[in-house]
Amino acid sequence: MKAFNDLADFSTEEIQGLLELANRLDERPEPEALKGKVLSLLFLSPSLRTLASFQAAMTRLGGGSFVISPDMSIHGLETRPGIVMDGTAAEHIREAVPVIASYGDAIGIRAFAERKNLENDMAENEFNALTQLIPDTPYINMESAMGHPCQNLADWKTLDDYSIPANGGKFVLSWAYHPKALPLAVPASTLYTAARRGMDVTVLRPEGFELPDAVMQKAKEAAASAGGAVVETDDRAEAMEGAHVIYAKSWSSTRHYGDRLADQKLREGHLDWCVDEPWFANAQDDCRFMHCLPVRRGVVVSEPVLDGPRSIVIHEARNRMLAQMAVLHQMLGATT
Ligand code: CP
């Protein structure tokens with residue numbers, strides 16, 4: 001495997017193979033599988049789970065890892081192209097990426113969306129510019145403007161672990177209130193993942209927060225191939241009818257993308273979009289709550305739901321480590 005960038009790059013059989021490997025590595029650890037291998041981790045955006053789970057994954061497989069982020073860099077990293085570096089930053093990403101990559105057998109990169117221009121973010125211009133600096137090392141997308149494949153693989157495993165039906169299972173991807181305009185990476189790639197799994201997916205969002213047409217179209221095509229469907233609505237009761245799982249996430253207004261004040265004005269009309277027990281009134285009795293974390297308690301989801309039996313967020317977060325162990329094993333280990 002030369003890159004782990006988008007679940008769309010893999011056949012369903014290949015995804016199933018990764019999920020089986022993740023389960024096998026959980027049941028039968030292989031503490032020497034990646035002995036002597038090194039994973040370079042470049043974080044240009046903050047993290048808890050991705051940062052910790054990749055390091056844990058490499059250690060559990062017998063390899064090692066190191067982390068570089070602007071916060072810890074003694075030099076300060078410049079990312080803008082074509083700049084005269086007469087300010088604070090003393091190191092440009094054009095040298096930093098190939099140097100970091102040269103120390104490892106694979107490199108993981110996280111770079112959130114700029115959230116200024118939707119077309120630029122949709123085209124993954126920043127992430128692509130970074131991966132083009134990697135000489136010849138396999139790479140892993142640890143979250144880019146529009147993708148979070150490690151989260152997606154872990155979420156697929158979580159749905160399987162809880163026996164949430166693929167075909168016939170109803171998956172609600174719901175926008176939730178958050179005080180900040182957040183990236184589209186998780187909602188866009190989660191929508192694709194649930195559709196690709198063959199689920200009946202409903203995107204529940206207020207007006208002005210529609211996901212981009214290309215994102216919806218990609219998911220609809222995946223669903224059609226896998227026996228599922230994708231619809232969208234702003235009607236909560238309609239969306240939650242018979243739902244097996246609700247996946248909450250806040251994201252930026254696509255109507256006002258890059259316009260912080262207009263986005264803020266629109267989102268502040270939706271403070272009541274906090275997932276709470278009444279949302280589940282007409283869902284399946286055992287309807288589950290998922291979220292990629294971090295999550296704001298009492299803002300995105302009520303404490304009783306987050307701490308209650310519906311919530312599977314901790315299991316979901318642990319699956320990040322197992323899913324990534326499978327990816328690393330296939331990328332760096334002996335063929336199984
Ligand atoms: N879900 C996720 O990627 O978490 P972090 O941002 O903490 O890595």
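Note that ligands are numbered from 1 as they come in the structure, with each ligand's atoms numbered from 1 the same way. FYI, the numbering just counts along the sequence from 1.
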Original post:
Side chain or backbone of H291 under 4.0 Å from ligand 1, or both, or neither, by non-hydrogen atoms?
Top reply: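 H291 to ligand 1: no contact under 4.0 Å from either part.
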Subject >> Qualifying ring-ring contact (aromatic ring centres under 6.0 Å, His included) pairs with a residue from residues 184-215, counting only residues at least two apart or across chains >> reply: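 For residues 184-215: W175-F209.
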Which of the atoms in ligand 1, numbered in the order shown and given with their element, are less than 4.0 Å from a heavy-atom of [X]?
X    : value
L293 : 1 (N), 2 (C), 4 (O)
R320 : 1 (N), 2 (C), 3 (O)
T50  : 2 (C), 3 (O), 5 (P), 8 (O)

Subject >> Listed partners of T50 passing side chain to side chain contact (heavy atoms under 4.5 Å, CB included), at least two apart >> reply: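 F43, S47, F54, R110, M142, H148, R320.
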Original post:
Thinking salt bridges, do E241 and K170 make one under a 4.0 Å N-O criterion?
Top reply: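 K170 and E241: not salt-bridged.
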Does [X], backbone or side chain, put an N or O under 3.5 Å from an N or O of ligand 1?
X    : result
E143 : no
L48  : yes
C292 : yes

Subject >> Cation-pi check, R197 onto F171 ring (under 6.0 Å, within 45° of axis) >> reply: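 Verdict for F171: no cation-pi partner in R197.
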Original post:
Under the 6.0 Å and 45° cation-pi test, does R205 pair with W273?
Top reply: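 Relative to the ring axis of W273, which defines the angle, R205 lies outside at least one limit.
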**OP:** Would you indicate which of H148, M142, R49 comes nearest to atom 3 (O) of ligand 1 when only heavy atoms are counted?
**Re:**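 Looking at heavy atoms only, H148 sits closest to atom 3 (O) of ligand 1.
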Original post:
Where is the nearest protein heavy atom to atom 6 (O) of ligand 1: which residue, which atom, and how far?
Top reply: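 For this ligand atom, the closest protein heavy atom is R110 NH1, 2.9 Å.
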**OP:** Using only heavy-atom distances, determine whether the side chains of D155 and T193 contain a donor-acceptor pair under 3.5 Å.
**Re:**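 Judged by distance alone, the side chains do not pair up.
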Original post:
When you look at Q16 and E20, which way does the side chain to side chain donor-acceptor pair (under 3.5 Å) test go after all the steps?
Top reply: CA-CA 6 Å; Q16 297 289 1; E20 283 164 22; over 6 Å; no
